[in-house]
Student: 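Pasting a structure below so you can have a look.
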Amino acid sequence: MNGTGMFEAPPVLISLTSFGAAEVMRHGQLYFAELSRQAGADGVEVRGELLASSAGELQALRDAGNVRVYSSPEGLWKADGKLDADALQRALDIAAQLAAPRLKMSIGGFGAVSTASLQDLKNTLDHAACELVIENDQTPGAGTLASLVRFFSAADAAGLQLPMTFDVGNWHYLGECPLQAAAALGSRVGYVHAKGVQRRPDKWVAVPLAESAAPWRAVLRGLPADVPWAIEYPLIGDDLVTVTSKEIEVLRAAARLQLETA
């Protein structure tokens, strides 16, 4: 609640993949970072898979001043269960170049043999300038409730307290229940990816929240409303600033309602 007695919504970010990979690669992430600012977003999530491998691009995004998260497409552990120290360092280096306060990664191939390397991860993060947040992705090894509960339990036992990026839509791709996941993991969520989903004959697809076949409002009610929430679903239209602004307000309104009724 602010000084006027009104409930403030959490920061609303835009994951830049929301504008479509082809469009982002054509125009560059800086273009869409600026568009997001015009639309009223509180910041953006830069996507590693959409970077043009240019140091100049990283510097320009840093200078824009609204990068809040860097998302690495690489997993923390390799398929054989070994910590991918090189991938972690690459991600930390890019996050530092962007001046991003958060780095988002998945656990990748974390398994029984990986537990011993949690201390190595902790040692690296103790000297990092950003916070690591763990996302539920769309793979069985790093996106199911069981795999993430197992990981977080092991990390906690190793003294590694890591917040989670809770992607509302990704659970559906693996046949998981997001409401159950929110009940189990909601207390450790530090960042939320808001995503509507619909089922096509062959696969699930991301859609705007208003078009979602899933109970996104109920899921969001099970998550913290005082952490950043990000749009990660298609933003399409002739007037992208207006489209994006309207979707930002959908999230802000949902968060304000949740805070008011808490």
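Note that these values count all heavy atoms, side chains included, but never hydrogens, waters or copies made by symmetry.
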Student: Restricting to salt bridge (Lys or Arg N to Asp or Glu O under 4.0 Å), what partner residues turn up for Arg68, sequence neighbours left out?
Tutor: none
Student: Counting C-beta onward and ignoring hydrogens, is there a side-chain heavy-atom pair between Pro10 and Asp226 closer than 4.5 Å?
Tutor: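 Heavy-atom side-chain distance check fails, nothing below 4.5 Å.
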Student: Are Ile248 and Leu257 connected into the same hydrophobic cluster when the rule is that any two of I, L, V, M, F, W, Y join if their side-chain heavy atoms are below 4.5 Å apart?
Tutor: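 No, separate clusters.
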Student: Which pairs count as salt bridge (charged side-chain N to carboxylate O under 4.0 Å, His left out) when at least one residue sits in residues 212-224, sequence neighbours excluded?
Tutor: none
Student: Is there a path of hydrophobic side-chain contacts, each under 4.5 Å between heavy atoms of I/L/V/M/F/W/Y residues, joining Val24 to Leu98?
Tutor: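 Yes, Leu98 and Val24 fall within the same hydrophobic cluster.
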Student: Begin from the C-alpha positions of Thr115 and Phe110 and carry the test side-chain contact (heavy atoms from CB on, under 4.5 Å) through to its verdict.
Tutor: CA-CA 8 Å; Thr115 304; Phe110 182 87; 4.3 Å; yes
Student: Do Phe32 and Leu240 have side chains that approach each other closer than 4.5 Å (heavy atoms only, starting at C-beta)?
Tutor: yes
Student: Write out all pairs satisfying salt bridge (charged side-chain N to carboxylate O under 4.0 Å, His left out) with one or both partners inside residues 109-131, taking only residues at least two apart or from two chains.
Tutor: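 Pairs touching residues 109-131 that pass the test: Arg102-Glu131, Lys122-Asp126.
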Student: Nearest 0.5 Å please: distance from the NZ atom of Lys246 over to the CG atom of Asp239.
Tutor: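 Those atoms lie 8.5 Å apart.
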Student: Is there a side-chain contact between Ser71 and Arg47 (heavy atoms, below 4.5 Å)?
Tutor: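 A side-chain contact exists here, since the closest heavy-atom pair is under 4.5 Å.
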Student: Calculate, to the nearest 0.5 Å, the distance between atoms OG and CG belonging to Ser18 and Leu235 respectively.
Tutor: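 Ser18 atom OG to Leu235 atom CG measures 5.0 Å (nearest 0.5 Å).
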Student: So, do Tyr233 and Ser212 sit near enough that their side-chain heavy atoms are less than 4.5 Å apart?
Tutor: no
Student: Taking salt bridge (Lys or Arg N to Asp or Glu O under 4.0 Å) as the definition, give me every residue that meets it alongside Glu211, ordered by chain and number, with sequence neighbours left out.
Tutor: none
Student: So if you build clusters from Ile, Leu, Val, Met, Phe, Trp, Tyr with side-chain heavy-atom gaps below 4.5 Å, do Leu50 and Leu16 land together?
Tutor: yes
Student: Kindly compute the distance separating CD1 (Ile107) from CG (Asp137), expressed to the nearest 0.5 Å.
Tutor: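 Spacing of CD1 (Ile107) from CG (Asp137) equals 8.0 Å.
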Student: Tell me, do Val46 and Val69 make a side-chain contact under 4.5 Å, heavy atoms counted?
Tutor: no
Student: Does the pair Trp229 and Phe166 meet the rule for a ring-ring contact (aromatic ring centres under 6.0 Å, His included), with working shown?
Tutor: CA-CA 10 Å; Trp229 288 11; Phe166 191 103; over 10 Å; no
Student: Provide the closest heavy-atom pair for Gly190 versus Val227 in the form atom of the first, atom of the second, distance.
Tutor: O-CB, 3.4 Å
Student: Start with the C-alpha distance between Leu132 and Leu76, add both sets of side-chain angles, then the distance that settles side-chain contact (heavy atoms from CB on, under 4.5 Å), and finish with yes or no.
Tutor: CA-CA 11 Å; Leu132 176 66; Leu76 279 165; 3.9 Å; yes
Student: Do any pairs count as a ring-ring contact (aromatic ring centres under 6.0 Å, His included) and have a residue in residues 111-148, sequence neighbours left out, and if so which ones?
Tutor: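 Output for this query is empty, none listed.
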Student: Side-chain contact test, heavy atoms from C-beta onward, threshold under 4.5 Å: evaluate it for Val168 versus Leu220 and give yes or no.
Tutor: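 They are in side-chain contact.
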Student: Look at the side chain of Ser147 and the backbone N and O of Thr144, then say whether any donor-acceptor pair between them is shorter than 3.5 Å.
Tutor: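 Side chain of Ser147 to backbone of Thr144: a pair is present.
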Student: Which heavy atom of Ile14 sits nearest to which heavy atom of Phe19, and what is that distance?
Tutor: CG2-CE1, 3.6 Å
Student: Checking the side chain of Asn66 only, and the main-chain atoms of Asp42 only, is there a donor and an acceptor separated by less than 3.5 Å?
Tutor: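 No; zero donor-acceptor contacts below 3.5 Å.
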Student: As an exercise, state the distance from CD1 of Ile134 to CZ of Arg188, rounded to the nearest 0.5 Å.
Tutor: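 Between atom CD1 of Ile134 and atom CZ of Arg188 there are 9.5 Å.
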Student: Taking the side chain as every heavy atom from C-beta outward, state whether Leu51 and Ile94 have any atom pair closer than 4.5 Å.
Tutor: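 With C-beta onward as the side chain, the pair touches.
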Student: Sequence neighbours left out, what passes ring pair (Phe, Tyr, Trp, His ring centres under 6.0 Å) with Phe152? Give chain and number order.
Tutor: none
Student: Within a strict 4.5 Å, meaning less than it, do heavy atoms of the Trp216 and Val250 side chains meet?
Tutor: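 They are in side-chain contact.
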Student: Hey, could you give me each pair passing side-chain hydrogen bond (donor to acceptor under 3.5 Å, both in side chains) that has a residue in residues 76-93? Not counting sequence neighbours.
Tutor: Glu74-Arg90, Trp77-Ser117, Gln89-Asp93
Student: Between Leu13 and Pro228, which heavy-atom pair has the shortest distance, and what is it?
Tutor: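 Nearest heavy atoms, Leu13 then Pro228: CD1-CB, 4.2 Å.
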Student: Which atom names give the shortest non-hydrogen contact between Cys130 and Ala95, and what distance separates them?
Tutor: SG-CB, 4.0 Å
Student: I need the full list of side-chain hydrogen bond (donor to acceptor under 3.5 Å, both in side chains) pairs touching residues 190-209, with sequence neighbours left out, sorted by first then second residue.
Tutor: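 side-chain hydrogen bond (donor to acceptor under 3.5 Å, both in side chains) check on residues 190-209 returns Glu45-Tyr191, Glu45-His193, Glu135-His193, Asp167-His193, Asp167-Lys195, Asn170-Lys195, His193-Glu232, Lys195-Glu232.
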Student: In terms of hydrophobic clustering (I, L, V, M, F, W, Y; side-chain heavy atoms under 4.5 Å; direct or indirect links), are Val207 and Val243 co-clustered?
Tutor: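 No, it is not one cluster - the side chains of Val207 and Val243 are not joined through contacts under 4.5 Å.
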Student: Which distance, rounded to the nearest 0.5 Å, do you find between the CG of Leu121 and the CG of Leu162?
Tutor: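 Answer for the CG-CG pair, Leu121 versus Leu162, is 6.0 Å.
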Student: Could you list the cluster mates of Ile236? Members are the ILVMFWY residues connected by side-chain heavy atoms closer than 4.5 Å, either directly or through other members.
Tutor: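 None, because no other hydrophobic side chain comes under 4.5 Å of this residue.
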Student: Do you know the tightest heavy-atom contact between Ser72 and Leu103?
Tutor: CB-CD1, 4.3 Å
Student: How close do Leu179 and Pro215 get, heavy atom to heavy atom, and via which atoms?
Tutor: CD1-CG, 4.4 Å
Student: side-chain contact (heavy atoms from CB on, under 4.5 Å), that's the test. Do Thr244 and Gln38 meet it? Break it down for me.
Tutor: CA-CA 9 Å; Thr244 303; Gln38 293 173 37; over 6 Å; no
Student: Answer with yes or no whether the hydrophobic clustering places Val133 together with Val219; edges join I, L, V, M, F, W, Y residues whose side-chain heavy atoms lie under 4.5 Å apart.
Tutor: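 Val133 and Val219: separate clusters.
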Student: Is there a donor-acceptor contact under 3.5 Å from the side chain of Ser114 to the main chain of Gly81?
Tutor: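 Such a contact is found between Ser114 side chain and Gly81 backbone.
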Student: If you measure from the Lys or Arg side-chain nitrogens to the Asp or Glu carboxylate oxygens, is any gap between Arg62 and Glu57 under 4.0 Å?
Tutor: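 No, Arg62 and Glu57 are not salt-bridged.
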Student: Which distance, rounded to the nearest 0.5 Å, do you find between the CD of Gln59 and the CG of Leu30?
Tutor: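 Going from the CD atom of Gln59 to the CG atom of Leu30 covers 11.5 Å.
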Student: Which ILVMFWY residues can you reach from Leu174 by hopping between side chains whose heavy atoms are under 4.5 Å apart?
Tutor: none
Student: Does anything in residues 25-39 pair up under salt bridge (charged side-chain N to carboxylate O under 4.0 Å, His left out), and if so which pairs, sequence neighbours excluded?
Tutor: Glu23-Arg26, Glu34-Arg37
Student: Using the side-chain hydrogen bond (donor to acceptor under 3.5 Å, both in side chains) rule, collect all pairs that involve residues 176-187, keeping only residues at least two apart or in two chains.
Tutor: none
